[in-house]
Protein chains: 2
Amino acid sequence: MHDAVASDPMAHDHDACIAAAIDRVEARCRVAGLQLTPVRRRVLEILLEEHRALGAYGILDRLRAEGLGSQPPVAYRALDFLMKHGFVHRIETLNAFVACTTGANAAPEDPHMPAFLICRACRRVIETTVPTARGRLETAAEGAGFAIEHAVREAEGVCATCRRAS
Amino acid sequence: MHDAVASDPMAHDHDACIAAAIDRVEARCRVAGLQLTPVRRRVLEILLEEHRALGAYGILDRLRAEGLGSQPPVAYRALDFLMKHGFVHRIETLNAFVACTTGANAAPEDPHMPAFLICRACRRVIETTVPTARGRLETAAEGAGFAIEHAVREAEGVCATCRRAS
DNA sequence: GCTCCCAATGTAATGTTATCACATGAGTTA
DNA sequence: TAACTCATGTGATAACATTACATTGGGAGC
C-alpha cells in the first residue's frame, strides 16, 4: 500500500513527517485550549498519510472502517474544526481536503496565504506559501473598493515528477 | 423584477449590455464555426441577465419554465460549451457560473487570466483581469518545476456598494 | 453529592451539485 | 440509403453537503 509512495522520488519519511505534524497540532491545541478529540485527530492523520486531497466521503469510509463514525456529519464536523484552526485546507477545485503542510500551524501569529498546485497526473497537492503583502489581485480589489476577507489560489497542472516521467 | 437592479448604484443599461455581449459571442461563433444553439444562447442570456453567479440547477429551473430542457445534462452541456470557449466562467467557491464580462471574448488571441471578487452581501461577482505575466503563484510554481495549465483566483469579501450601505 | 450547561458525537433524513448511459433527431457526406 | 457526427432528451445514479434532533460526558457552580 505504501509502495507507490516509497518508490516516488518525492517520498520522504512519512511516519516522522506525520508524527511531527501531529505534535505541532497537539501543541497548538494545548496552548489554545482546543480539544483534539479521537475523531478529529484521526481525520488529521488520514489526511497526513495521503499527500493528496481526499474527499469527505473518502475520509468517512476510513472512519467507518475503524468504527469512528458512519454518517457524513462526523467527517464534516471534524473537517470544520481542523479547517477553522488552519490544520487542514479545503481545495475548492476538487471539493476535497488536504492537511496543511507548511509550518504555519506552528506560527499562527504570522498567517500565511496558502496557494495550491494540484497535479492532474498524480493528484498530489503541493502547498506553497505566498507573502501576505499585496499582490495583483489585492491591488485590483483595492482599486474597486472591494474588501477581501478570504482568497482562494489554486492552480492545476503537472508537477515536476510527473513531467520528468513523461 | 428588475427593480432591485434598477435602484442599484451599480446598475447600467442591462438590455444594451446583454445585447452587446450576445453580439460579440455570435460573431466569435460565426468565425470559429461554433453552433450557438437555442439552449446555449438562452443559458448565456440567463447568466448575462443576472450579474450574479447562478447554480446549474437555477439555470435549469429557468430553462424548464421555458420548455428548453428539464434534465441536468441539458444545463451542464450548455455550460460546458460556453466555458470551453470562454463565454462563461465557473466560480469554484460557489459551485456556480457567471457570464464573462470582460471584452476578452472578443479578443481570444490575448487570453486573459480572470480573477473574481465575490461579494458575500449582495452575491454579485466582479470579474477583474490580471495581466498574463508571471505573478507570485507562477513564480512559486516555476521554482517547484510545476507547469500550470489553469489557475483559479477567487476572493470573497464585501464590495464597495455593500460597504457603503453598512 | 447534585443539577445545569456546554461541547462533542450519533443518526436519520434530506438537500444540492454533477455525471453516466443510452435513445432520439437533424444535418452532412458517401 | 447508409454511415457518421453533433446536439439534445431522459431516467437513473453518483458525489458532495447540510439540517434537525437525540444522546453522551465532562466541567462549573451550588
Side-chain angles (χ1 to χ4, degrees), chain A residues 25-26 29-30 32-44 46-47 50 52-85 87-98 118 123 152 154 156, chain B residues 25-26 29-30 32-44 46-47 52-85 87-98 118 123 152 154:
Chain A
V25 170
E26 274 184 339
C29 286
R30 264 195 306 276
L34 305 173
Q35 297 185 52
L36 190 62
T37 63
V39 177
R40 291 169 177 177
R41 186 192 169 105
R42 191 65 194 115
V43 169
L44 178 61
I46 288 168
L47 287 174
E50 302 281 322
R52 290 165 172 74
L54 213 48
Y57 280 70
I59 294 167
L60 184 57
D61 286 345
R62 304 252 221 140
L63 291 179
R64 225 183 322 243
E66 301 171 16
L68 272 173
S70 61
Q71 299 294 326
V74 173
Y76 282 104
R77 285 193 286 234
L79 289 166
D80 284 346
F81 169 86
L82 294 167
M83 281 193 293
K84 179 177 176 184
H85 300 292
F87 306 138
V88 159
H89 297 295
R90 178 180 170 84
I91 306 297
E92 297 291 345
T93 51
L94 300 177
N95 292 329
F97 307 84
V98 284
I118 303 155
R123 311 299 295 164
V152 171
E154 298 174 9
E156 194 189 52
Chain B
V25 171
E26 274 184 339
C29 287
R30 263 194 308 277
L34 306 173
Q35 296 185 52
L36 189 62
T37 63
V39 177
R40 292 169 176 177
R41 186 193 169 106
R42 190 65 194 117
V43 169
L44 178 60
I46 288 168
L47 287 174
R52 290 166 173 74
L54 214 48
Y57 280 71
I59 293 166
L60 183 58
D61 287 345
R62 304 253 221 139
L63 292 179
R64 225 183 322 244
E66 299 170 18
L68 273 172
S70 60
Q71 299 294 326
V74 174
Y76 282 104
R77 284 193 285 234
L79 289 166
D80 284 346
F81 168 87
L82 294 166
M83 282 193 293
K84 179 177 176 183
H85 300 292
F87 306 138
V88 159
H89 299 294
R90 177 179 171 84
I91 307 297
E92 297 291 345
T93 50
L94 299 177
N95 293 328
F97 307 85
V98 285
I118 303 155
R123 311 298 295 166
V152 171
E154 299 174 8

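Throughout, a chain's letter reflects where its sequence line sits, starting with A, and its residues are numbered from 1. FYI, side chains are in, hydrogens and waters are out, and symmetry mates aren't considered; it's all heavy atoms of this structure.
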Would you tell me if any nitrogen or oxygen in the side chain of B:Ser70 comes within less than 4.0 Å of OP1 or OP2 on D:dG9?
no
Does a side-chain N or O from B:Arg90 land closer than 4.0 Å to OP1 or OP2 of C:dA18, or not?
yes
On DNA chain D, does the nearest nucleotide to B:Arg40 precede the nearest nucleotide to A:Gly58 from the 5' side, or the other way round? Give the residue.
B:Arg40
Whole-Å gap separating C1' (C:dG15) and CG (B:Asp61)
14 Å
Where the side chain of B:Val74 is concerned, which of D:dA17, D:dG9, C:dA18 is the nearest nucleotide?
D:dG9
I need the CD1-C1' distance between A:Ile59 and D:dC16, as an integer number of Å.
12 Å
I want to check one thing: is the phosphate of C:dA12, taken as OP1 and OP2, less than 4.0 Å away from some side-chain N or O of A:Gln71?
yes
Rounded to whole Å, the CG-P distance (B:Leu60 to D:dT10) equals 12 Å
What's the CG-C1' distance between A:Leu79 and D:dA15, to the nearest Å?
15 Å
Contact class for B:Arg77 vs. all strands (heavy atom < 4.0 Å): base, sugar-phosphate, or nothing?
base
Lys/Arg N to Asp/Glu carboxylate O, A:Asp61 vs A:Arg64, below 4.0 Å:
yes
5' priority, DNA chain D, between B:Val39 and B:Asn95 [closest heavy atom]
B:Val39
Between C:dT16 (P) and B:Tyr57 (OH): distance, integer Å:
11 Å
Looking at A:Gln35, I'd like to know whether one of its side-chain N or O atoms comes within less than 4.0 Å of OP1 or OP2 on C:dA7.
no
